[in-house]
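Heads up, the thing below is written out as structure tokens.
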Amino acid sequence: MKRREFLKATPCLALFGPRALPEICRDLDALEIPPQLSKVEARYYQKLPDKEIECQLCPRQCRLGNKERGYCGVRENSEGTYYTLVYGKACSVHVDPIEKKPFFHFYPGQITLSLATAGCNVNCKFCQNWEISQVRPEQVHHFDFPPRMVVDTAKKYDCPIIAYTYTEPVVFYEYMVDTAKLGRRAGLKSVVVTGGHINPEPLEELISVVEAIKVDLKSFTQDFYDQYVRGKLQPVLEAIKKIAASPIWLEIVYLVIPTLNDSVKEIKNLSRWIKAEVGPDVPLHFSRFHPMYLLRNLPPTPISTLERAHQIAREEGLNYVYIGNVPGHQAESTYCPRCGTLLIKRWGFEVSKINLKDGKCPQCQTPIPGIWD
Amino acid sequence: MSPVSNSYSRNLGLKLFLPPFLLGFLSLSIQVIFLREFSAYFQGNELTFGFGLGSWLFWVGIGSLVGPRLRFQIDRFFQGYYLYGGGIVGVFVLLRFSRFIFSLQPGEPASLATIIFASFIYCFFLGFPLGILFVWNANYLNGQVEKTYLREALGSFGGGVLIYFVILPYFSNWQSLALIVLLSCSAIFIIWSSPRKLGFLLSLTAILTTFWLADFPAEKLYWSPFTLKACQDSLYGKLGLIASQEQVTLYTNHSLYFSLPNPEQAEEIIHFPLLQFPTARQMLLIGGGLGGTLDETLKYPFTQVDYVEIDPQLIDLALKFLPEKEKKALHSSRVQLIIADGRAYLNQVNKKYEVIILNLPDPINAQLNRFYTLEFFQMVKQKLTPRGIFAFRITSSENYISKERQLLLSSLYNTLKTVFAWVEVVPGETNIFISSERKLNLTPSFLRSNLEKWAISTKFLTKSYLVSRINPWRQQILIPALQNPSFRLNTDTNPICYFFTALLWGKQFSRQEMTIFSFLAQRGRWWLLDFPLLLLFSGLFLALLVVKNRIYFILFPVICLGFISIVTEIVLLIAYQAQFGSLYHALSLLFSCFMLGLYIGALVSQKLPWSPLPRFLLLLASLIIFLVILGAVIRHPVSPLIYYGAFLLLGYLGGDIFIAATRLYLHAHSHLGLSYGLDLLGSFVGALGVSSLYIPLFGLTKVVQYLIILVSGALLFLFWGSRLSSK
């Protein structure tokens, strides 16, 4: 079995149990072979004199000389042509419930084929996947998983949705867009889990090929973005507005980190902004922070802090506010904003009951925004 | 002789004795307090410790090399003690507020570059003046380096005994520092005859009093914007307890120990193993009983728990601030609290357990690694009933297993597999390793049916949680990673896992910082041991042929000696703690034995007839014999007295060799600080590389073997050099 075949078999193995395991163990050495990077020309960049280029994919707008790589570490200028090094080079592939992304108003209870390549265009001190997001592609085990294979694998194992997640999908933009296009032709949906650090033009194209985007809004202050994310807030807000104005589905996640972004004022400002600029019906998830990466010694978020944030957002007029990472909490479930009827009952990532009739509340007939079937 | 002249001579004796004695006293005490503080604020692992100690030795060494260039003046000499005492207060304040200087969150691990930078800066202010003071002391004693060294060694011995037995058990680090400095400077006050001395003493007292009083407020400021409720320096580290609304979080050395309420963690570590054996009657819980785990254990109707916790102050703190539910669990008649080191307890207990759960942090240093070695797992197996279960957890990654993590996890997995017939691992952000001699069943359906059968109510471990946690996809990614065929066993004498955790830790920071470390780690024995040794010996051979002034040859064994003693000390300490448990209590006695040995060695060397060269050669030969015996001792269980004896003997050889070398050198040259400085620079090299790189990579035995080669080389070099000189 060659490395390529082995890696091709990995997703099958995950679904069909350990029968092929001894064979895979024999091929472990294959993981040790330094994998080849891709050399596919990148989109959204401008050629400059002296073999320089300017990347126009994300707000960093890296200006690079020959042989230099962008901030993300996965896009390289070679002799004045800009290349993506991770096209078709997935390093993490799993089957996850859509609730894990989380999307609560988009095909609840469905499973996704989730994938990522190495790299990220920000440096969050609390990144859950820092071992793949904060490294260069040469530093991770990755394997050939071209768009066609992604689509075939998703179909073969009954995953109706492909999710681009774990790291920052914007950095593997070309791979994501091509896979999403192929997927759509094959009847598959595509969802993106992003920090929203993307320029308007590429975002527009992305919106045209995927069905939903979840934006991780890390904070509502530039100060936080400077200190803990090393990115800019304003482009993220602009991206959210653009997605909200488009026909695709949008959800927003706000990871509440104790003392860093959990003040009443900040949550209030955030909720007001969402209501005014995005609308009251966009689902907003307040997720519980667990000690992680460089912030691994901060305490987890007190549940009462999350409940306070939930209350503020509801009081400010947002209709669908959730508490995440607290399995069993009642604010994990969806209620009708008008009559309070329980519409979708969740426990962690599990959906135990869907009580919607044609996308409406069965009691008061209020239409519940989302993509339900 | 008249009474007056008697008194005068007594005063003169004290006057000559006290300054070097106090130098040793200050030096060792401040070094210990600095390392405690430094490893607490910079998230101590072997690298942090190595850089802290290494930088200290480096700057003291440099100080003693620079010292002879500074003009000695008696008043300036005594003022030096006061200025040093007042100045170091500022360094400790800066150290506490390092997180503001380096823009870190409370408890945020600093990068390797930050640690190196910080340790070098702080140690410059702490160590450099001590080196100068050593040379000034030698000047003060009319150039008698031996006497200075002798009294300094005695002072270090006194300082070690005093702070470990009298001061540190009762006072915080800052309070201990204030006491030590005040004590030393008061002694200087007695012997310094200057009209300004009262002013100096009063100013210093005012500074130290403020420092003492500012301890808790400064710690509160460190934790801001969190609310620090309590903070204590126990014998085992810095304990801190913060409260944010209903959440209470306890820290040891600024690392999160547990947070309450956090049922997920408590449920996972208890129920995954106990659901394999829900009828277990005897359970041993090593560490981490206060984060809700005892409460979870008591949900099993028959289970009696022996809960072993090393730090009594941690229990006291918990009883003061934790919720009633936790206190109730701790006071349950089914829970027996045992204050002991977990490994030492397991070694001596004559009881069989049905379940043993290790709930300690990851093997981030040698101290913790001894709970994850082959020998420890074998000990656990001996104390388990035939159907018994053993479990522990390790931080992992849910979506991707990196190469560094694979090295760590596969080492632990395969070390367990060597001992137990069956090993199962729960995938996810934390991996729970469960081992037994019998088949285990980790399917969600089995676990769920047992939860229902025994009516155990859990908040997290529900049907869907179990299905999600024991996800076949992630299991099949994890299992091949664990079964890495090129794994390394983690043993007491080859403690590789703390090196792997250091690699993972380093990976979190810059992409380049750890490159040199990873690069070195990938080199084999040839590049790391054989080649440098070959290079060194070739250089020495060349020196024998080229260098005219043979007296410089003496200095090479002195550098070697500094290197060898620190490496041997580290080898002894790691072997000791692997055999007898926690080092903290014993450390004082072990170091004091070394210092006492140093004192006796230096004293004997000074008193013996003046024939340094043959004596020097004989001592090096004795050191070789000592190392040969040591190589055998560390591989076998022996009485702890052997270790104390080894420290005493090592100290003796060190003291004796130093004096002999100094005499030989000073016979021709009058650089007062050179031999002392070189000795410390050798120690610096040893402290830096050996504990963090060589010991985990090659093991204790191999390191000792190479030390023997090094000393033999030094011996041959000196012997040959002396023969050439005499010709």
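Residue numbers start from 1 in every chain, and the chains themselves are labelled A, B, ... in the order their sequence lines are given, proteins ahead of strands. Remember, predicted model here, so these are calculated numbers, not experimental data.
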Q) Which bit of A:R346 comes within less than 4.5 Å of chain B, counting heavy atoms only: side chain, backbone, both or neither? A) neither

Q: Measure from the side-chain N and O atoms of B:N253 to the backbone N and O of B:G237, and report whether any donor-acceptor pair falls under 3.5 Å.
A: no

Q.
Quick one, B:F258 and B:N359 - any side-chain contact, counting heavy atoms below 4.5 Å?
A. no

Q | Test item: B:R405 and B:S396 side chains (from C-beta on) under 4.5 Å apart, heavy atoms | A | yes

Q | Which portion of B:N399 sits near chain A, non-hydrogen atoms under 4.5 angstrom | A | both

Q: Identify, with sequence neighbours excluded, every residue that meets ring-ring contact (aromatic ring centres under 6.0 Å, His included) alongside A:Y228.
A: A:F224

Q) Just wondering, are more than 12 heavy atoms of other shown residues or ligands nearer than 6.0 Å to NZ in B:K439? A) no

Q: Please work out which of the three classes, parallel, tilted or perpendicular, describes the rings of B:H254 and B:W223, given edges at 30° and 60°.
A: tilted

Q: Sort B:S259 into side chain, backbone, both or neither according to what part of it lies under 4.5 angstrom from a heavy atom of chain A.
A: side chain

**Q.** A:C91 side, atom SG; A:H142 side, atom NE2 - distance, nearest 0.5 Å
**A.** 8.5 Å

Q) Is a side-chain donor-acceptor pair under 3.5 Å present for B:R99 with B:Y41? A) no

(Q) Is A:F349 in contact with chain B via its backbone, its side chain, both, or neither, using a 4.5 Å heavy-atom distance? (A) side chain

**Q.** Which atoms of B:P263 approach chain A - backbone, side chain, both or neither, heavy atom under 4.5 Å
**A.** neither

Q: Please state whether the side chain, the backbone, both or neither of A:L298 comes within less than 4.5 Å of a heavy atom of chain B.
A: both

Q) So what's closer than 4.5 Å to chain B heavy atoms on A:W347: side chain, backbone, both or neither? A) both

Q. What pairs with A:F289 under ring-ring contact (aromatic ring centres under 6.0 Å, His included), at least two apart in sequence or on another chain?
A. none

**Q.** chain B contact via A:T301 - side chain, backbone, both or neither, heavy atoms under 4.5 Å
**A.** backbone

Q: Check each atom of A:P291 against the heavy atoms of chain B and say whether the ones under 4.5 Å are side chain, backbone, both or neither.
A: side chain

Q: Could you have a look at A:K125, A:E131, A:H94 and say which one has the most heavy-atom pairs with chain B under 4.5 angstrom?
A: A:H94

Q: Run the salt-bridge test on B:E267 and B:R469 with the 4.0 Å N-O cut-off and return the result as yes or no.
A: no

Q.
Counting only heavy atoms from other residues, nucleotides and ligands, does the tally under 6.0 Å from NZ of B:K463 exceed 12?
A. no

Q | Under 4.5 Å from a heavy atom of chain A, the part of B:I401 involved | A | backbone

Q. Who wins among A:P327, A:S352, A:G328, A:G348 for the most heavy-atom pairs under 4.5 Å with chain B?
A. A:P327

Q | Contacting region of A:I303 [heavy-atom separation from chain B under 4.5 Å] | A | both

Q. Between B:E108 and chain A, which part of the residue has a heavy atom less than 4.5 Å away: side chain, backbone, both or neither?
A. both

Q) Which answer fits B:Y251, side chain, backbone, both or neither, if we ask what part of it has an atom under 4.5 Å from a heavy atom of chain A? A) side chain

Q. Is chain A contacted by the side chain of B:Q475, its backbone, both, or neither, given a heavy-atom distance below 4.5 Å?
A. neither

Q) Of the backbone (N, CA, C, O) and the side chain (C-beta and beyond), which part of B:S468 lies under 4.5 Å from a heavy atom of chain A, both, or neither? A) side chain

Q. Using non-hydrogen atoms only, which part of B:T395 is less than 4.5 Å away from chain A: side chain, backbone, both, or neither?
A. neither

